[in-house]
Amino acid sequence: MTKRTKAILDKLDEVYTREYKCYLDHETPWQLLIATMLSAQCTDARVNIVTKELFKKYDTVEKFANADLKELEQDIKPTGFYHNKAKNIISCTNTLMEKYNGEVPDSLEDLTALAGVGRKTANVIRGNIFNQPSIVVDTHVKRISKRLGLTKEDDPEKVEFELMKVLPKDHWILYNIQIITFGRQICFARGPKCEECFLTDYCLEYKEKNKKKKIKK
DNA sequence: CTCCCGATAT
DNA sequence: ATATCAGGAG
């Protein structure tokens with residue numbers, strides 16, 4: 001790990017010390033799996049509103065596996081992409097019943113083989129449920145890792161592999177939740193609050209912004 | 001690369 | 001009007 005990377009991680013640790021919680025409400029592994037599937041291109045706040053009722057109505061994996069497609073679509077509609085998500089949830093939970101005795105598997109291969117589960121969702125499960133070091137590359141991690149110059153890649157899988165090289169393994173899971181928190185509070189996609197940011201010394205975009213200002217003056 | 005897609009902020 | 005939100009599949 002370079003000095004620069006360590007300085008960034010130290011700053012993050014300083015501000016987001018024990019903010020280690022998952023923002024998707026869940027009580028079981030399969031609930032987190034479904035909540036994460038629903039979170040694609042949707043705010044976690046909305047996912048939590050939907051799952052609050054959803055997990056009362058479907059309180060077992062088996063109930064999801066036997067759900068009526070059209071009815072489930074309506075139940076999850078506010079999260080968007082509801083045709084695909086409903087179909088995937090039914091297919092995925094059927095696989096859980098048939099191949100895994102209704103449990104959620106822990107390997108990346110088994111998880112990504114499930115319908116509607118890609119590397120991002122699989123890594124959320126591995127990190128949060130099984131405590132396996134894993135890098136979750138979502139929209140926040142990708143955007144902010146680029147701004148901080150930790151990667152130049154655009155493809156989420158390449159970002160994941162590069163961050164695995166750059167970040168110490170014992171910081172992988174923590175990095176995810178820190179960056180998501182940072183992205184929600186300060187480093188927005190649109191109009192980031194650079195005045196309140198504690199990482200401007202390491203931000204490539206901030207550097208660019210100041211260059212342009214100086215030229216104008 | 002395109003499509004899936006509703007809700008909210010700007 | 002448009003960008004963005006804890007992405008994934010064909």
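Here is the naming used below: chain letters follow the sequence lines, and residue numbers restart at 1 for every chain.
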Exercise. Which whole-number value in Å describes the distance from A/Asp44 CG to B/dG6 P?
Worked result: 20 Å
Exercise. Less than 6.0 Å separating the ring centroids of A/Phe182 and A/Phe198?
Worked result: yes
For this session: Return the 5'-most residue of the pair A/Leu114, A/Leu24 with respect to DNA chain C, ranking by each residue's nearest nucleotide.
Result: A/Leu24
For this session: Tell me, yes or no, whether the heavy-atom count around A/Asp155 atom CG, taken from other residues, nucleotides or ligands under 6.0 Å, exceeds 12.
Result: yes
Exercise. Within the structure shown, what part of the strands sits under 4.0 Å from A/Thr79 by heavy-atom distance: base, sugar-phosphate, or nothing?
Worked result: nothing
Problem set entry | Flag for A/Thr36-A/Ser39: side-chain donor and acceptor within less than 3.5 Å | no
For this session: Looking at every strand, decide which applies to A/Arg190 at a 4.0 Å heavy-atom threshold: base, sugar-phosphate, or nothing.
Result: base
For this session: Would you please confirm or rule out a distance under 4.0 Å between OP1 or OP2 of B/dC4 and any side-chain N or O of A/Tyr82?
Result: no
For this session: Let me know the distance between CD of A/Gln41 and C1' of B/dT8, rounded to the nearest Å.
Result: 14 Å
Problem set entry | Segment of DNA chain C, first to last nucleotide, that comes within the 4.0 Å heavy-atom reach of chain A | C/dA3 to C/dA9
For this session: Give the rounded distance in Å between these two atoms: CG of A/Asn84 and C1' of B/dC5.
Result: 9 Å
Exercise. Is the closest basic N to carboxylate O distance between A/Lys142 and A/Asp138 below 4.0 Å?
Worked result: no
For this session: Using only heavy-atom distances, determine whether the side chains of A/Gln132 and A/Asn123 contain a donor-acceptor pair under 3.5 Å.
Result: no
Exercise. So what does A/Thr36 hit on the nucleic acid, given a heavy-atom distance under 4.0 Å: a base, only sugar-phosphate, or nothing?
Worked result: nothing
Exercise. So, A/Asp110 versus A/Ser107: side-chain donor-acceptor pair below 3.5 Å or not?
Worked result: yes
Problem set entry | Between B/dC3 (C1') and A/Phe81 (CZ): distance, integer Å | 8 Å
Problem set entry | Side-chain donor-acceptor contact under 3.5 Å, A/Gln178 with A/Asp13 | yes
For this session: Identify whether any heavy atom of A/Ile76 sits under 4.0 Å from a base atom; if not, whether one sits that close to sugar-phosphate; answer base, sugar-phosphate or nothing.
Result: nothing
Exercise. When all nucleic acid strands are considered with a 4.0 Å heavy-atom cut-off, which category describes A/Val47: base, sugar-phosphate, or nothing?
Worked result: nothing
